[in-house]
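A quick write-up on the structure given underneath.
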There are 2 protein chains.
Amino acid sequence: MSTQPNTTHKYMLVAKMLIKNIQSGQLVDGERLPPERVMATEMEISVTTLRKALRLLEDDGMLIRRQGSGNYVNARGDPQNRYALFRIEKLSGPGHPKSQLLDVERLRKSDHQLPNFGTSDHAFRIRRLRSLDDMVCVLEEIWLDEDSATNITADTVTESLYQFYRESLGIWIRRVEDRISVSPLPDWCPAELACEPGQIMGFVERFAWGNGQEPIEFSRNWFDPETSRYVARLS
Amino acid sequence: MSTQPNTTHKYMLVAKMLIKNIQSGQLVDGERLPPERVMATEMEISVTTLRKALRLLEDDGMLIRRQGSGNYVNARGDPQNRYALFRIEKLSGPGHPKSQLLDVERLRKSDHQLPNFGTSDHAFRIRRLRSLDDMVCVLEEIWLDEDSATNITADTVTESLYQFYRESLGIWIRRVEDRISVSPLPDWCPAELACEPGQIMGFVERFAWGNGQEPIEFSRNWFDPETSRYVARLS
DNA sequence: AGGAATTTGTGCGTATGTATC
DNA sequence: AGATACATACGCACAAATTCC
């Protein structure tokens, strides 16, 4: 299979370019973009296409659009808050997020107990520890279907995974389903988390879809609901 | 303030009409809709407008669109699964959902400890018990800003709240933010829930946005994470 | 197996409505 | 009140995926 991601679509390219401009600081927080017609003319695209791209950014929380006013950069949607769609907060409020990569491996799905997702029989497993204000608070295990990504290594994965998907793999996560309950911490949990394996934790299972019909990603998160909470932003 | 909801927009009317047809059984599960161009001609609207309406249904999970194939009714997205965006599942899988209305009251926000939402100083409080396969499993408290709804009573509220918003209030929930942690069960919990007040439960706080800039709804859910899990579908 | 027909997706240009300043 | 700027709506052309003969 291995259908190559459609980086060919113009609105995707435009959206990625805009994001790049925001991230590189060319567009600062709160700044108003030029009018859509002006931007469209400058970029030599139609207003419709530009608007489609702007919609993507809006869904991602990086842009706030106001009729009659303008399109405003919401940098909080990206740098501070690298996990736009869902994130962990301390109960007292948001904190500065960081993530520490544990390992990246290419594995055969059937060798692990996994639900059905994707089309390949292999997947990349990414394990991370996430922290807020230097307090380690989430253990994360992500499975990305191989058909959506070739040659993922520890070097190539960046801090914001969905940004990595967009920029390196050409994948825009369009739909997600989270199942939240409780689950014992697995035994591969590193000591930094300051919880013991077997301890009951908040638990999130996630399926994520790109453009196709079936999920390309499956992931599991463990977090301590006594000190932090899970935030899902649906849009 | 009290800007009346824009039920005047053509794509909204079209979407509501389609939903009505699906819910009334005129369109059955799995059925393929006529081609977009045909439908558009019959309804005397442009394909663009129809497509915008179809997209809303797709986001709501009631429609599955396949390029080169057609638009298919996904009745699972509504009747069985009345709470499309987020729902409670038993750990063993989905069950048949029902809800029992406890009370509806119009209250002054400042008399209760509530976060900021909406523009009015009053809100309607809706309390419900939700069950799966006749097992009561969720206690629900919803606050809907008065500026978005006038004259809500126990008689007018229907089983699917967001359907009620759409059909009676002309509000399409476009964005939602959920905060999930744990919390003690409040003391107004009825005995049917079979948990004692003070018992630690799974806890979801939710803000919901319509078209405007600030949330029109705030709600709290308590659920037992030992027997059920919370599902959030982001799209 | 292969090619034509069907059907949705992308992209363009334009006109009008509506909220904001 | 007028200007500005995004939202809605229309019609068309071509691309891509699917279906069917």
Side-chain angles (χ1 to χ4, degrees), chain A residues 1-18 30-59 63-74 119 170 172 174-175 209-214, chain B residues 1-18 30-59 63-74 119 170 172 174 210-214:
Chain A
M1 284 285 296
S2 192
T3 54
Q4 57 189 357
N6 265 348
T7 38
T8 59
H9 289 315
K10 205 174 271 192
Y11 69 88
M12 286 276 199
L13 293 173
V14 172
K16 284 164 79 171
M17 192 172 68
L18 289 170
E31 180 170 341
R32 192 179 69 181
L33 300 185
E36 294 177 349
R37 280 172 181 73
V38 174
M39 289 182 72
T41 306
E42 280 176 358
M43 303 167 93
E44 299 185 336
I45 58 173
S46 75
V47 178
T48 318
T49 304
L50 173 62
R51 284 174 61 76
K52 192 157 185 173
L54 293 174
R55 218 187 123 87
L56 279 176
L57 293 219
E58 186 188 25
D59 287 345
L63 203 64
I64 294 174
R65 312 181 66 190
R66 296 207 197 110
Q67 180 176 170
S69 179
N71 295 309
Y72 297 84
V73 174
N74 183 24
T119 48
W172 208 291
R174 282 192 50 179
R175 191 180 147 222
W209 285 258
N211 282 315
Q213 283 187 241
E214 54 185 318
Chain B
M1 284 284 295
S2 190
T3 55
Q4 57 189 357
N6 264 346
T7 37
T8 60
H9 289 315
K10 205 175 273 192
Y11 70 89
M12 285 277 199
L13 292 173
V14 173
K16 283 164 80 171
M17 191 172 67
L18 290 169
E31 180 171 340
R32 192 180 70 183
L33 298 185
E36 293 176 350
R37 282 167 181 75
V38 174
M39 289 181 71
T41 306
E42 281 176 358
M43 304 165 91
E44 299 185 336
I45 58 172
S46 75
V47 177
T48 318
T49 304
L50 174 62
R51 284 174 62 77
K52 190 154 186 174
L54 293 174
R55 221 185 120 86
L56 280 177
L57 293 220
E58 186 188 24
D59 288 346
L63 203 63
I64 295 174
R65 311 182 65 190
R66 296 209 197 107
Q67 180 177 169
S69 179
N71 295 309
Y72 297 84
V73 174
N74 183 25
T119 49
W172 207 291
R174 282 192 50 178
N211 282 315
Q213 282 187 241
E214 53 184 318

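Here is the naming used below: chain letters follow the sequence lines, and residue numbers restart at 1 for every chain.
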Rounded to whole angstrom units, what separation is found between the CZ atom of B/Arg66 and the C1' atom of D/dA16?
16 Å
Output yes when at least one side-chain N/O atom of A/Tyr11 is less than 4.0 Å from OP1 or OP2 of C/dG11, else no.
no
Within less than 4.0 Å of OP1 or OP2 of D/dA7, is there a side-chain N or O belonging to A/Arg65?
yes
Should B/Leu18 and B/Leu54 be marked as a side chain to side chain contact (heavy atoms under 4.5 Å, CB included) after you check the CA-CA gap, both sets of side-chain angles, and the distance that decides it?
CA-CA 9 Å; B/Leu18 290 169; B/Leu54 293 174; 3.9 Å; yes
NZ of B/Lys10 to CE of B/Met17, rounded to nearest 0.5 Å, is 11.0 Å
Under 3.5 Å, which donor-acceptor pairs link side chains of residues 31-41 of chain A to any protein atom two or more places apart or in another chain?
unit_1, atom_1, unit_2, atom_2, d
A/Glu31, OE1, A/Val28, N, 3.2
A/Glu36, OE1, A/Arg51, NH1, 3.0
A/Glu36, OE2, A/Arg51, NH1, 3.2
A/Glu36, OE2, A/Arg65, NH2, 2.8
A/Glu36, OE2, A/Asn71, ND2, 3.4
A/Thr41, OG1, A/Arg37, O, 2.7

Which pairs, protein N/O on one side and nucleotides 1-5 of chain C N/O on the other, fall under 3.5 Å?
none

Is any side-chain N or O of B/Asn71 closer than 4.0 Å to OP1 or OP2 of C/dT7?
no
Find the distance A/Leu63:CG to D/dA5:C1' and express it as a whole number of Å.
14 Å
Whole angstrom is fine here: how far is it from NE2 in A/His9 over to C1' in D/dC14?
13 Å
Specify the separation, in whole Å, of atom CD1 of A/Ile64 and atom P of C/dA19.
20 Å
Over how many whole Å does the gap from A/Arg32 atom CZ to D/dC6 atom C1' extend?
11 Å
Report the distance from atom NZ of B/Lys10 to atom P of C/dT16, rounded to the nearest whole Å.
14 Å
Would you check if B/Glu58 and B/Arg55 make a side-chain contact, meaning some heavy-atom pair closer than 4.5 Å?
yes
Quick note, B/Arg51 side chain, CB onward, closest among C/dT10, D/dT8, D/dC10 is C/dT10
So, is A/Lys52 near the phosphate of C/dT10, with a side-chain N or O under 4.0 Å from OP1 or OP2?
yes
Nearest heavy-atom neighbours spanning B/Ala53 and B/Ala15
CB-N, 3.8 Å
If you take any heavy atom closer than 4.0 Å to DNA chain D, which residues from residues 36-50 of chain A end up in contact?
A/Glu36, A/Arg37
At less than 4.0 Å, is any side-chain N or O atom of B/Ser69 found next to OP1 or OP2 of C/dT8? Yes or no.
no
Test side-chain hydrogen bond (donor to acceptor under 3.5 Å, both in side chains) applied to B/Ser46 - qualifying residues, sequence neighbours left out
B/Thr49
State which residues pass side-chain hydrogen bond (donor to acceptor under 3.5 Å, both in side chains) with A/Ser69; sequence neighbours excluded, sorted by chain then number.
A/Tyr72
Starting at atom CG of B/Leu57, determine the distance to atom C1' of C/dT8, rounded to an integer number of angstrom.
16 Å
As an exercise, state the distance from NZ of B/Lys52 to CD1 of B/Ile45, rounded to the nearest 0.5 Å.
12.5 Å
Can you measure A/Tyr72 atom OH to C/dA19 atom P for me and round it to whole angstrom units?
16 Å
